[in-house]
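Please read the structure below before turning to the comments.
So that the names make sense, note that chain A is the first sequence line, chain B the second, and so on, each numbered from 1. Everything numeric here is computed off the predicted structure, so don't read it as measured data.
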Protein chains: 2
Amino acid sequence: MDKLRALKYFVNLANTLNFSTTAEHFGVPSSSVSRRIKDLEAELSATLFERTTRTVQLTDLGKVYLLEVSTALQSIEMADELVGAQSKSPTGMLRITAMPAYGERFVLPALEKLRGLYNNIDFDVNLTDQVINLASNDADIAIRSASTLPDNVVARRLCDHQFVLVASPEYVSNNGAPKTSTDLTDRAVFMYRTQHGTLDWLTSREGVWQPLKLNPKFVSNYGQSILDNVLAGRGLALLPNWGVAQDIKADRLLVLELEDGPLSTRGNNSLGMYLLYHPPKFRLQKIRVAVDFLVAELGDGP
Amino acid sequence: MDKLRALKYFVNLANTLNFSTTAEHFGVPSSSVSRRIKDLEAELSATLFERTTRTVQLTDLGKVYLLEVSTALQSIEMADELVGAQSKSPTGMLRITAMPAYGERFVLPALEKLRGLYNNIDFDVNLTDQVINLASNDADIAIRSASTLPDNVVARRLCDHQFVLVASPEYVSNNGAPKTSTDLTDRAVFMYRTQHGTLDWLTSREGVWQPLKLNPKFVSNYGQSILDNVLAGRGLALLPNWGVAQDIKADRLLVLELEDGPLSTRGNNSLGMYLLYHPPKFRLQKIRVAVDFLVAELGDGP
DNA sequence: ATTTACTATTGTCTTTTAGACAACAGTGCT
DNA sequence: AGCACTGTTGTCTAAAAGACAATAGTAAAT
């Protein structure tokens with residue numbers, strides 16, 4: 001049985017409650033509709049319509065089935081429209097905001113690929129640590145690490161986001177690895193500057209996150225420069241996992257674990273990176289393709 | 001083309017990236033998978049996989065398509081499971097809370113019908129005006145008029161919910177209809193009692209909702225008794241639209257419009273009635289059937 | 001560079017299934 | 001009780017998916 005066909009018949013019939021009308025709508029004989037519905041009912045071993053030759057009525061089960069199935073069919077149609085070349089391609093300005101380091105490294109390349117797929121979408125990219133308000137329409141899509149999520153916003157997880165303490169293998173062989181957080185005070189550390197000042201390294205003492213007193217060798221608001229210094233073996237830094245994953249895999253960096261627990265830059269050390277959007281906007285083609293594409297491109301798993 | 005079949009092949013192939021494995025999974029020759037995917041691509045006029053005889057890779061467009069389509073397929077499968085008689089029918093206790101008047105009048109009868117469909121679901125119904133916390137697991141489903149929605153809860157609209165000023169035709173012909181809200185002070189009015197006292201009638205004065213000073217003839221926390229009094233022509237009441245819709249249609253009640261704007265019992269006169277649930281619970285069969293059924297049964301629109 | 005092993009694709013036949021069309025049957029209305 | 005309408009069933013035809021064998025293309029190993 002061509003079930004998709006049958007389901008389309010079903011949804012239409014549930015609205016018209018008239019086999020002939022539905023048959024005409026699809027340009028097939030009413031006997032076909034009758035048989036397909038019958039097939040469906042047989043497959044489910046359930047009655048979807050209560051019918052006499054004069055009246056057709058949805059059963060309660062049919063109502064439940066309709067509700068579930070009709071949205072699914074719409075999704076498939078929408079998917080075809082998004083991907084199908086015959087449809088007019090999505091058009092318009094897409095305003096997207098992301099955290100600078102992540103944005104530069106991952107979002108911008110992804111957007112270049114997206115531009116290749118749908119070349120009628122224009123981009124307005126705003127890389128900032130500021131929290132942009134989606135509901136008030138300052139951006140269509142936001143990508144950021146989420147601690148608390150605002151209301152009325154859908155969040156789709158992209159990847160883990162936590163800070164890890166790293167150093168180069170040369171640094172460790174020359175200077176040894178720090179054992180505890182107190183070992184860090186006389187180390188050369190590289191720190192990140194935000195709009196609100198140097199980003200403190202926090203350590204958890206009896207459940208409370210407290211800043212460490214450190215004397216940074218170098219502070220920058222440009223993440224790559226911190227990474228470059230660490231790669232050159234000049235010291236330690238607390239960097240986001242997605243920023244150092246490649247270098248760790250290639251053994252250019254080592255992850256250092258402290259005996260007295262992990263460090264963090266917030267009162268929480270297992271955050272995620274999320275893509276956020278405002279649900280009503282998901283109806284717009286440009287938003288829909290962008291969200292789907294970015295989740296597929298930047299997401300790392302289920 | 002049996003598109004649903006093709007889509008299932010597609011989703012599986014997107015995971016395995018291997019035609020033979022996918023073919024084996026469905027128990028068909030790999031040539032069938034190859035042809036179906038080709039059909040799909042032809043229909044979309046798009047390339048979903050980049051393939052040589054040795055490697056198969058999802059294209060960027062394919063990733064977008066996968067994301068849209070796979071959830072739709074899951075929905076259809078889930079729908080079949082819910083409705084199909086061959087599956088074990090949903091079982092367990094369903095805890096549901098609703099506002100008393102609406103609950104008694106609409107929710108309970110709907111639950112009786114639901115019990116007829118799935119007789120292994122047991123019900124624990126709590127009719128109260130208190131706001132039950134879904135997140136802390138005091139109920140599975142809540143039905144109430146929503147002004148502000150709590151976080152992490154999905155709301156599905158059931159119907160309008162606003163208060164309308166009503167009187168019987170006899171009352172109006174004997175006493176005339178009130179013209180403005182000030183006309184109400186010397187009228188016989190019937191009011192609703194909540195846990196927090198008599199439910200004031202509010203009127204909007206220059207954008208601010210203010211309570212009217214009225215001398216109610218009768219106050220009750222049992223909505224039906226108020227309605228009975230109004231039907232008997234003894235006075236006016238401010239009652240929810242869904243509670244008086246039948247009587248209005250049958251000309252047993254008249255809706256009275258005031259010249260100085262509508263009345264309300266909250267600082268807002270166009271609320272809705274919503275069904276609320278906590279998304280993680282939607283995976284449970286009993287929750288899913290109940291939500292779908294209640295929305296289909298009690299909902300009044302698209 | 002050449003061979004090898006593996007895997008997608010293509011060709012052809014068979015089986016399954018949807019559709020067309022006509023005849024039939026049940027139902028609500030006059 | 002008869003009429004008009006509509007869903008169902010029977011039979012045939014057309015289309016499409018599956019089976020199976022053969023082919024062609026490619027990445028890796030020698």
Nearest-Å distance for atom pair [atom1]/[atom2], residues [X] and [N]:
{"X": "Arg51(A)", "N": "dA25(C)", "atom1": "CZ", "atom2": "C1'", "result": "15 Å"}
{"X": "Leu40(A)", "N": "dT17(C)", "atom1": "CG", "atom2": "C1'", "result": "15 Å"}
{"X": "Glu43(A)", "N": "dA18(C)", "atom1": "CD", "atom2": "P", "result": "11 Å"}
{"X": "Leu17(A)", "N": "dG28(C)", "atom1": "CG", "atom2": "P", "result": "15 Å"}
{"X": "Phe19(A)", "N": "dG26(C)", "atom1": "CZ", "atom2": "C1'", "result": "14 Å"}
{"X": "Ile37(A)", "N": "dG19(C)", "atom1": "CD1", "atom2": "P", "result": "12 Å"}
{"X": "Phe26(B)", "N": "dA19(D)", "atom1": "CZ", "atom2": "P", "result": "13 Å"}
{"X": "Gln57(B)", "N": "dA27(D)", "atom1": "CD", "atom2": "C1'", "result": "14 Å"}

Nearest to the side chain of [X] - [options]?
{"X": "Asp2(B)", "options": "dG28(C), dA17(D), dT9(C)", "answer": "dA17(D)"}
{"X": "Pro29(A)", "options": "dA8(C), dA19(D), dC21(C)", "answer": "dC21(C)"}
{"X": "Ser34(A)", "options": "dT8(D), dA8(C), dT6(D)", "answer": "dT8(D)"}

Kindly indicate whether the side chain of [X] and the base of [N] share any N or O donor-acceptor pair separated by less than 3.5 Å?
{"X": "Arg35(B)", "N": "dG11(C)", "answer": "yes"}
{"X": "Arg36(B)", "N": "dG18(D)", "answer": "no"}
{"X": "Thr53(A)", "N": "dG7(D)", "answer": "no"}

Whether Tyr102(A) and Trp242(A) hold their rings parallel, tilted or perpendicular, with breakpoints at 30° and 60°: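 Because their plane-to-plane angle is over 60°, the rings of Tyr102(A) and Trp242(A) count as perpendicular.
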Phe282(A) and Tyr277(A) aromatic ring geometry - parallel, tilted or perpendicular at 30°/60° bounds: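 Tyr277(A) vs Phe282(A) ring planes: parallel.
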Can you name the nearest heavy-atom pair linking Leu231(B) to Ser168(B), along with the distance?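 Minimum heavy-atom separation between Leu231(B) and Ser168(B): O-CB, 3.9 Å.
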Does any part of the side chain of Leu73(B), heavy atoms only, come nearer than 4.5 Å to the side chain of Leu4(B), both counted from C-beta?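 In contact.
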Is a side-chain donor or acceptor of Thr59(B) paired with a backbone partner of Leu48(B) at a separation under 3.5 angstrom?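 Checking the backbone N and O of Leu48(B) against the side chain of Thr59(B), a donor-acceptor pair under 3.5 Å is found.
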Taking OP1 and OP2 of [N], is either one under 4.0 Å from a side-chain nitrogen or oxygen of [X]?
{"X": "Lys38(A)", "N": "dT9(D)", "answer": "yes"}
{"X": "Asn18(A)", "N": "dG7(D)", "answer": "yes"}
{"X": "Tyr9(B)", "N": "dA17(D)", "answer": "no"}

Presence of salt bridge, Arg51(A) and Glu41(A), under 4.0 angstrom: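 So Glu41(A) pairs with Arg51(A) through a salt bridge.
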When you match Arg5(B) and Arg54(A) each to their closest nucleotide on DNA chain D, which lands nearer the 5' end?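 Final value for this comparison: Arg54(A).
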Using a cut-off of 4.0 Å on non-hydrogen atoms, how would the nucleic acid contact of [X] be classed: base, sugar-phosphate, or nothing?
{"X": "Ser30(A)", "result": "base"}
{"X": "Ser31(B)", "result": "base"}
{"X": "Val33(B)", "result": "nothing"}

Residue met sooner reading DNA chain C from 5', once Asp39(A) and Ser20(B) are mapped to nucleotides: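 In this pair, the answer is Ser20(B).
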